[in-house]
Amino acid sequence: MFLLSVVFVFQFEESSFRGQSQLRDLHEDLTPFLHVNGDHAFPLATNSKGQVLMAASTYGSGRIVVFGHEAYLNTFPNVEGSEKDLIAFMKSGGGVLLGGQAWWWASQHPKDNVLLQFMGNKVSGVAGIHFTEHHREAECVSVQAHIPHSWRTIKLRKDFTDDLGFLLQGVSEFDISGGTFSEALVHGSLSFPIVANANGQAVIAGGYYGEGRIVVVSHEGALGNKNLARFWNNVVQWLDQGRLGVVGVEATNGFDILNESGLNCQKTGFKSGLSVFVRTAYGEDHIPQIQEFVAEGGGLLLGGHAWYWAQSRPGQNYLAEFPGNKLLNPMGLTLLSAIVEGGVFKAPDPSTAIKDNYHFRHVLYRFARHVTDNKDITAHEEKYLKKLGGDCASYLQLTDDSCCSHMQLQVMFTDMLKKTGIPQVSETCVVKSPKDHLLLSLCTEAYKKCPDPEELLKHLIKDNPLLPAVYNHTIKLNVSTAEGEEWISTGLYLSPGMKSHLSMPKEIIEKGWRVQIGCQTDKLYANELKRAPCVCESFPVTSEMVLVHNLWGGLLYIIAPPKTQVMGAEVIVQVGVPVPYYKSGETSLSDWSRLRTAPSPWAELEFENIILTVPSEVIRTLERPDELAALWDKMLRAIADLAAIPHKFKRKERFVCEVQISHGWMHAGYPIMAHKAPAAEMVSVKHATTQGLWGSIHELGHNQQRGCWEFPPHTTEATCNLWSVYVHDTVLKLPREKGHEQMQAGRRKSRAENYAKNGRKLSEWDMWTALETYMQLQDKFGWDAHKKVFAAYHTMSGFPGDRDRKMNLYAVTFSEIVGMDLSGFFKAWGWPIEGDTEKKLSNLPAWTDHPMAQYN
């Protein structure tokens with residue numbers, strides 16, 4: 001039998017259930033339970049297993065309360081046929097009180113979809129509450145004064161085998177070669193992966209939202225892929241749910257293929273009357289209306305990637321702000337910035353895919369049971385733990401703190417971290433296991449979201465001594481930024497978990513300024529960790545008082561946005577730990593003798609054009625930072641000379657030396673990141689002037705490279721070394737072979753000779769071999785020729801984009817600068833010199849006795 005009760009209530013007060021201490025299932029044998037999935041839905045009562053017996057939600061302007069059994073109500077009218085009227089009533093502000101159970105109906109309709117076809121779900125489903133066929137023994141449960149957020153309710157309740165079977169009919173593989181996809185994070189309990197690579201990264205996924213369905217492919221180009229024609233036919237049929245309605249296609253590159261589905265396809269934007277809507281993930285329009293359309297039964301096919309949007313908007317939270325994610329996030333799907341290369345993917349077996357594929361919530365639930373209940377996890381699940389940690393961090397950045405689903409997971413994360421703590425990762429305590437990787441990735445975001453972070457902190461950081469602090473410290477802002485943002489050092493450090501308020505001047509509020517804790521901006525993906533993967537945190541300046549804190553602590557910075565001028569404004573930091581901080585022209589030697597003993601574990605030395613951030617231990621014995629400053633000033637001016645730019649840099653370079661970086665021994669950028677080991681060498685005048693600083697100048701050279709005269713990948717690690725050679729030649733006065741062993745005369749000669757003997761192939765012209773080309777030019781024409789060439793490029797525009805034409809332009813430019821036809825020299829190095837280039841240079845005397853001529 002089936003009984004369903006409905007009561008129309010125009011106003012539902014939260015106090016309705018106050019004062020009731022127990023809820024007794026009136027059916028003595030079993031307790032049906034509900035599935036809570038929507039962003040606005042939340043449980044009112046749960047049993048001892050965390051299963052939901054009563055729930056509430058909002059939809060439109062109205063509200064709904066759902067009971068998992070009609071026996072909780074006293075009236076039993078049947079609402080079959082009035083579903084649309086009820087939804088409209090609720091949307092316009094009405095209140096609905098609904099009771100029922102689906103287990104008996106499901107037993108009588110074994111082939112039907114309970115989520116979509118059970119009549120009660122046609123009403124409550126739009127608000128994110130579903131009756132399920134699941135039940136267990138009856139029990140008395142307490143009605144709590146607060147929302148019962150049990151993380152155990154996140155366990156999957158839907159078997160998607162039938163859905164996958166329908167979608168994959170006649171499909172054996174997915175040929176999506178040539179595209180660069182985003183990873184799709186499948187985080188909703190009613191969402192599922194459809195196509196994923198061997199690492200569990202999904203590129204096509206689907207799911208239920210309210211009474212509707214969604215499929216997302218993480219590159220819009222795949223919508224027009226003829227290799228997937230059968231699959232897209234299945235998709236639109238699945239989304240249409242048998243209505244044979246209108247398929248509105250805004251993503252025009254997929255129209256021809258979708259039109260073959262047999263459904264009525266129309267090229268149109270979003271409008272009323274559609275059964276299925278197809279669009280890209282880049283549109284900002286109609287997002288609430290499309291979500292409502294799906295919730296009430298519509299189908300949505302979305303194509304697009306998030307990686308380019310994220311890369312082109314640094315500092316923005318693409319997880320929440322990318323248009324596609326604004327639409328997808330409530331539906332349990334999110335496009336990540338992680339890139340998945342296209343290829344040929346084997347279609348999964350529907351009967352085993354749910355068990356075999358990576359699903360965020362399933363693996364997370366299994367891991368939580370492993371941690372809190374000592375349940376075993378399979379090898380299949382364990383291989384995904386490292387990935388799970390990163391996905392947890394992403395998930396916590398995309399959700400609304402008020403969302404029930406978020407709260408459930410936050411409770412889970414807090415429970416796990418309190419029970420297990422985290423590995424006290426360091427240079428001597430290296431993290432290797434997938435479990436520890438997960439905990440380190442998870443704890444950073446979980447700490448930020450935790451309602452009681454101080455309570456959680458003691459479970460996470462075991463060695464956190466109380467350091468002496470200063471109060472109401474004033475920082476003057478004298479900023480004139482160019483194209484890039486700029487870090488302003490405060491000379492203060494915050495210990496792990498230490499909170500501080502910053503008082504902000506009105507002229508920088510809501511202007512793109514940020515406060516940052518931590519200098520280690522690299523995110524780590526290594527198998528072995530010597531620190532947490534992400535330890536840097538930033539906070540937007542949106543009010544006169546900004547509260548900041550970071551689980552890992554770190555140096556405190558004010559971040560100025562590009563193209564900003566602020567002079568004389570003041571920021572007051574409530575509390576912070578003093579840093580060994582030296583600034584040329586401001587810090588006296590007597591001040592430094594005191595400051596170098598400051599308790600912060602990090603120190604900063606700010607000179608004319610560069611700031612060195614190093615572990616404090618390497619500067620404790622540094623008595624003359626002024627002498628070090630003078631040397632670095634000379635080196636940076638020499639770098640400017642070779643680059644043909646003013647001695648005063650538009651933005652000071654930054655070096656950060658730490659225990660572990662994202663790749664290499666050092667890598668360029670802002671800041672330049674380096675391992676901890678070179679730090680002592682960088683603050684030693686003696687070392688620099690006797691042993692050289694090849695690696696450091698190499699990275700500074702990277703920051704001077706320009707695409708107009710660079711030929712990647714050949715010269716990526718070559719032309720940056722011009723600055724290393726120049727600084728060692730002109731400032732450090734060291735023999736070239738002292739700077740680097742690869743600059744020994746014998747090695748240089750053998751490289752050129754071997755390159756010529758091997759056929760002068762550009763595929764082999766890279767790094768030291770490519771550098772030799774430029775060094776032969778320097779040997780003949782001196783450093784001034786290189787300076788004049790770089791200067792000439794500053795005055796040019798309209799540069800060619802392809803490698804060959806760029807190489808011809810460089811050959812012409814260098815030849816004209818030195819007044820000699822160098823085309824023969826460059827051809828001897830295998831450069832693709834064109835006839836027009838040779839003709840253009842034919843009026844100049846040819847360089848016939850160049851070093852490569854001997855190998856002809």
Side-chain angles (χ1 to χ4, degrees), residues 151 154-156 181-207 216 218 305-307 310 317-320 322 324-325 328-340 354 356-371 377-378 380-400 403 405-417 420 422 431 433-449 523-527 529 532-534:
W151 59 263
I154 75 166
K155 186 176 181 180
L156 292 178
F181 293 72
S182 281
E183 178 182 356
L185 175 61
V186 182
H187 56 84
S189 57
L190 296 180
S191 305
F192 55 94
I194 299 172
V195 180
N197 66 11
N199 297 320
Q201 295 176 293
V203 293
I204 305 178
V216 61
S218 58
H305 57 77
W307 56 263
N317 182 3
Y318 79 94
L319 291 162
F322 172 59
N325 285 339
L328 287 171
N329 286 347
M331 300 181 181
L333 297 163
T334 297
L335 293 171
L336 302 180
S337 61
I339 288 175
V340 181
I354 300 303
D356 294 342
N357 286 347
Y358 170 82
H359 189 293
F360 170 70
R361 285 191 175 235
H362 175 73
V363 179
L364 178 59
Y365 181 84
R366 293 286 299 167
F367 179 72
R369 293 291 307 276
H370 169 65
V371 169
I377 56 175
T378 66
H380 172 74
E381 291 162 343
E382 186 175 14
K383 79 173 185 177
Y384 288 128
L385 292 187
K386 182 179 176 181
K387 171 176 169 51
L388 179 63
D391 287 348
C392 287
S394 295
Y395 177 82
L396 285 171
Q397 294 177 59
L398 64 89
T399 53
D400 182 351
C403 170
S405 177
H406 168 86
M407 292 180 180
Q408 290 171 345
L409 292 190
Q410 182 61 64
V411 170
M412 170 191 280
F413 297 149
T414 302
D415 286 352
M416 288 194 297
L417 291 171
T420 66
I422 60 172
V431 163
S433 75
K435 176 181 177 180
D436 286 344
H437 268 268
L438 190 161
L439 292 171
L440 282 178
S441 297
L442 168 63
C443 67
T444 303
E445 291 297 327
Y447 171 78
K448 288 193 297 186
K449 297 282 187 174
K523 189 169 184 179
L524 305 182
Y525 298 94
N527 291 325
L529 296 175
C534 186

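All residue numbers refer to positions in the sequence shown, counting from 1. All heavy atoms count here, side chains included; hydrogens, waters and symmetry mates do not.
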Provide the closest heavy-atom pair for [X] versus [Y] in the form atom of the first, atom of the second, distance.
X      : Y      : value
Ala306 : Tyr318 : CB-CD1, 4.2 Å
Asn325 : Leu335 : OD1-N, 2.8 Å
Pro193 : Asn357 : CG-CB, 3.9 Å
Ala205 : Ile194 : C-CD1, 3.7 Å
His305 : Ser182 : CB-OG, 3.3 Å
Ala446 : Phe413 : CB-CB, 4.0 Å

With rounding to the nearest 0.5 Å, note down the distance linking [atom1] in [X] to [atom2] in [Y].
X      : Y      : atom1 : atom2 : value
Leu319 : Leu185 : CG    : CG    : 8.5 Å
Phe181 : Ile204 : CZ    : CD1   : 7.0 Å
Glu382 : Leu438 : CD    : CG    : 11.0 Å
His370 : Glu381 : NE2   : CD    : 10.5 Å

Do the non-hydrogen side-chain atoms of [X] and [Y] ever get within less than 4.5 Å of each other?
X      : Y      : value
Leu439 : Asp436 : yes
Val340 : Ser218 : no
Leu388 : Leu364 : yes
Met416 : Phe367 : yes
Phe360 : Cys392 : yes
Leu328 : Thr334 : no

Keeping [X] on the side-chain end and [Y] on the backbone end, is there a donor-acceptor pair under 3.5 Å?
X      : Y      : result
Glu445 : Ser441 : no
His437 : Gly390 : no
Asn197 : Asn199 : yes
Lys386 : Tyr525 : yes
Lys449 : Leu396 : yes

Does the side-chain contact (heavy atoms from CB on, under 4.5 Å) test come out yes or no for Val186 and Leu333, once each step is laid out?
CA-CA 5 Å; Val186 182; Leu333 297 163; 4.0 Å; yes
Does Lys387 have any salt bridge (Lys or Arg N to Asp or Glu O under 4.0 Å) partners at least two apart in sequence or in another chain, and if so, which?
Glu183, Asp391
ring-ring contact (aromatic ring centres under 6.0 Å, His included), paired with His187, selected from Tyr358, Tyr365, Tyr395:
Tyr395
